[in-house]
Undergrad: 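For reference, the structure I am asking about is given below.
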Amino acid sequence: MDSFYGLMTLLITAFVIPVVSLKTEKLAPYIAVASSFVAFILSTTTAFTVFREGIQVQQMEGWPAPFGITLAVDHLSIIPILLVSAVGFLVILFSFRFISRRKTEYYSITLLLLGSLMGVLHTGDMFNLFVFLEISAITSYILVAFKKEKESIEASIKYLIINSISTSMILLGIALLYGALGTLNMADLALEMSAISDTFMPISMGLILSGLAIKSGFVPFHTWLPDAHPAAPSPISAILSGLVISVGMYAIIRVSSTVYSSYAVVFNMLIVLGVISMTVGALMALMQHDLKRMLAYSSISQMGYIGMAVGMATPLGLAGGIFHLINQAIIKSLLFLCSGVIIHKAGTHDMRKMGAKFSSFTAGVFLIGVLSLAGLPFFNGFSSKLLIYIASFNAFPLLTVIAVVTSAITAAYGIKAFVLIFMRNTGKSSITGMPLTMQIPLAILAMLCILLGIIPGIGESLAGFAVSNLNNMPYIRAVLGG
Amino acid sequence: MDFGTTLAAFGITICIMAFAWRASRRVAPGRRSKGKESMYACGEKLGIADSNVPVESFYASIANAARADRLRDAHNGSLSRYLTWVFAGMVAVMAFLLLLG
């Protein structure tokens with residue numbers, strides 16, 4: 001399993017960078033770019049193997065499941081693995097010229113964050129899921145406070161306190177599971193779960209899912225997110241909004257579809273949380289003047305779409321949810337990276353005060369991101385939202401109405417942001433020019449928005465592949481053998 | 001159609017479009033004229049500032065209709081209030097799962 005070596009590359013390099021930087025800090029960005037690129041290549045080769053041969057399982061030190069630590073990459077996890085490695089590489093490339101101080105700390109912790117996200121996507125047991133989620137949370141706290149300003153430190157402390165509750169809930173839920181079933185291997189848990197009826201199970205399920213809902217930013221568990229995401233440096237905001245909450249959503253899908261697959265009520269709960277998050281996030285985004293805070297609320301709204309789609313538990317709904325997960329990661333990374341350029345040049349987060357003239361490239365990629373987010377035809381957001389609309393119309397037509405109205409609100413705040421930032425000439429200085437290492441990631445992400453919009457078959461095939469094996473028996477057989 | 005073919009088709013389309021655009025610029029090079037750039041709105045001459053929609057307030061009606069100001073007031077940054085929300089959310093999720101599960 002090549003992607004496992006990608007994961008290890010990220011984790012090891014995270015510790016190599018501080019050692020190398022004892023001599024000179026200049027090497028840190030180069031090592032980080034190389035490491036994330038290697039992880040991306042190895043993830044791609046694993047993706048081809050999974051597409052060709054199916055689920056890939058690795059038992060650590062040869063200890064068979066459920067006794068040893070199991071790493072498993074299946075149809076569901078390979079898509080987020082590709083996403084994390086690709087977006088992670090682009091964000092690190094963007095940071096190359098964007099981050100000018102404390103490079104050792106920045107690159108080391110960012111690689112650790114990316115490695116932990118890859119760990120969540122690889123692990124086959126609940127305890128390691130918890131451990132990797134914790135590593136990602138701790139590294140996120142540090143990166144949110146990276147600027148060492150009043151707002152960033154306050155946001156980081158809020159994030160730490162609220163996420164500590166999430167951690168406690170998940171750990172307590174796992175403890176209940178272990179106490180009742182005596183195993184932590186997800187495949188083994190799935191087998192044992194179908195055989196017993198325990199009153200503790202809904203409680204453990206509630207604890208774990210509430211904890212993961214905090215990590216994914218579902219309303220009313222979202223309160224840390226609008227403070228934490230804008231406070232971080234923009235490349236980190238791109239990782240937090242594009243990848244970290246998406247991996248939280250992956251964990252919800254994984255736990256719901258593998259461990260608690262016999263409890264259909266989990267999916268109903270996801271619909272409720274999804275609809276609330278979708279509308280509250282969009283309305284709050286509409287009222288923001290701070291560009292990054294608006295994008296943070298927008299992430300909550302988009303996670304709502306994904307939650308609602310996954311909650312329908314139909315093949316179309318699940319495919320729509322996974323496809324939107326891919327699109328949300330691409331769009332939000334693009335917009336947050338763009339916001340980094342805009343805020344850096346304009347010197348303010350407040351869209352009402354941004355009157356400077358930006359380069360047509362910045363305006364163009366931001367517009368592509370905004371139109372994709374709003375779900376306009378020929379952009380990737382439209383392709384995935386269309387699947388979600390059709391799936392929700394087949395299940396509960398009222399949900400389609402809510403989703404379409406929310407999409408209109410999304411268009412409203414997106415257009416408002418574009419007009420406020422780029423279409424008002426207040427006579428301030430003209431701002432042009434951007435290093436190539438910043439232009440390339442923006443251009444690639446913008447091209448992906450268009451490519452997945454005009455050829456939606458690519459994304460639909462990937463999402464269809466991800467949900468083709470959601471019946472957990474092939475996963476159980478691959479992990480436990482037999 | 002496999003991924004490679006669609007990607008190739010996309011690349012070829014872009015090349016054709018780029019070639020067509022380049023050729024059109026040679027046949028009819030763009031010329032700036034006052035007429036092209038002048039603003040026309042229902043027979044009146046309007047400055048750019050007059051014809052712009054006041055975006056800061058334009059979308060406020062949507063927020064007003066949804067009484068979103070209450071929602072905004074609730075997001076006041078107070079950690080104790082946020083923790084109450086998290087706790088209430090957890091209780092609601094538990095109740096949902098226990099009652100309907």
Side-chain angles (χ1 to χ4, degrees), chain A residues 154-155 157-158 161-162 165-166 169 199 201-203 205-207 209-211 213-214 218-224 226-227 263-266 268-269 272-273 279-280 283-284 286-289 297 351-352 408-409 412-413 415-420 423-425 447 450-451 454-455 457-458 461, chain B residues 1-14 17 47-101:
Chain A
E154 185 189 322
I157 290 173
K158 269 185 202 163
I161 292 171
I162 296 174
I165 296 171
S166 155
M169 285 181 190
T199 46
M201 283 309 111
I203 297 175
M205 188 163 63
L207 286 167
L209 292 176
S210 299
I214 292 177
F218 280 108
V219 175
F221 303 102
H222 67 293
T223 46
W224 60 273
D227 287 343
Y263 290 89
V265 68
V266 176
N268 298 334
M269 192 195 75
V272 176
L273 288 178
T279 45
V280 170
L283 282 171
M284 285 303 295
L286 186 65
M287 289 185 289
Q288 303 306 312
H289 298 303
Y297 276 113
M351 291 184 282
R352 293 167 300 179
I409 299 174
Y413 67 71
I415 292 166
K416 174 186 147 186
F418 185 79
V419 171
L420 281 174
M423 294 182 71
R424 293 183 317 154
N425 191 355
M447 277 174 64
I450 297 173
L451 186 69
I454 58 174
I455 314 175
I458 300 170
S461 309
Chain B
M1 210 162 41
D2 63 351
F3 178 71
T5 317
T6 46
L7 204 61
F10 182 61
I12 291 167
T13 311
I14 287 182
M17 291 298 292
I48 291 175
D50 300 322
S51 58
N52 270 353
V53 173
V55 283
E56 283 167 43
S57 55
F58 184 66
Y59 299 108
S61 51
I62 303 173
N64 287 341
R67 297 308 308 268
D69 49 338
R70 289 185 185 175
L71 210 56
R72 183 176 49 196
D73 294 343
H75 288 81
N76 61 357
S78 157
L79 184 62
S80 53
R81 177 176 283 196
Y82 286 178
L83 289 174
T84 312
W85 284 30
V86 170
F87 180 72
M90 192 191 72
V91 170
V93 166
M94 285 291 183
F96 192 94
L97 294 177
L98 283 168
L99 295 175
L100 301 178

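All chains are named by letter (A, B, ...) in the order of the sequence lines, taking the proteins before the strands, and each is independently numbered beginning at 1.
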Undergrad: Side-chain contact, heavy-atom cut-off 4.5 Å: A:Ile162 with B:Leu79?
TA: yes

Undergrad: So, for B:Trp85 and A:His222, which heavy atoms are closest and what is the spacing to 0.1 Å?
TA: CZ3-CE1, 3.4 Å

Undergrad: Would you mind checking which part of B:Leu83 comes under 4.5 Å of any heavy atom in chain A, side chain (CB onward), backbone (N, CA, C, O), both or neither?
TA: side chain

Undergrad: Name the member of A:Gly206, A:Pro226, A:Ser166, A:Ala412 that forms the most heavy-atom pairs with chain B at distances under 4.5 Å.
TA: A:Ala412

Undergrad: Measure the CD1-OH distance between A:Ile161 and B:Tyr82 for me, rounded to the nearest 0.5 Å.
TA: 13.0 Å

Undergrad: Check whether A:Val219 gets within reach of chain B through its side chain, its backbone, both or neither, counting any heavy atom under 4.5 Å.
TA: neither

Undergrad: By the definition side-chain contact (heavy atoms from CB on, under 4.5 Å), identify the one residue from B:Leu100, B:Leu98, B:Leu99 that meets it with A:Pro202.
TA: B:Leu98

Undergrad: Please identify, among A:Glu154, A:Lys158, A:Met287, the residue contributing the most non-hydrogen atom pairs under 4.5 Å to chain B.
TA: A:Met287

Undergrad: Within a strict 4.5 Å, meaning less than it, do heavy atoms of the A:Ile165 and B:Phe87 side chains meet?
TA: no

Undergrad: Provide the closest heavy-atom pair for B:Gly89 versus A:Pro220 in the form atom of the first, atom of the second, distance.
TA: CA-CG, 3.6 Å

Undergrad: As an exercise, state the distance from CD1 of A:Ile214 to CE of B:Met90, rounded to the nearest 0.5 Å.
TA: 9.0 Å

Undergrad: Can you tell me how far CZ of B:Phe96 sits from CG of A:Leu209, rounded to the nearest 0.5 angstrom?
TA: 11.5 Å

Undergrad: Fit a plane to each ring of A:Tyr297 and B:His75, take the angle between them on a 0 to 90° scale, and name the class: parallel (under 30°), tilted (30 to 60°) or perpendicular (over 60°).
TA: perpendicular

Undergrad: Heavy-atom distance under 4.5 Å to chain B: side chain of A:Leu207, backbone, both or neither?
TA: both

Undergrad: Search all heavy atoms of A:Ile203 against all heavy atoms of B:Met94 and return the closest pair with its distance.
TA: O-CE, 3.4 Å

Undergrad: Give the intermediate values and the outcome of side chain to side chain contact (heavy atoms under 4.5 Å, CB included) for residues A:Met169 and B:Val86.
TA: CA-CA 11 Å; A:Met169 285 181 190; B:Val86 170; 4.3 Å; yes

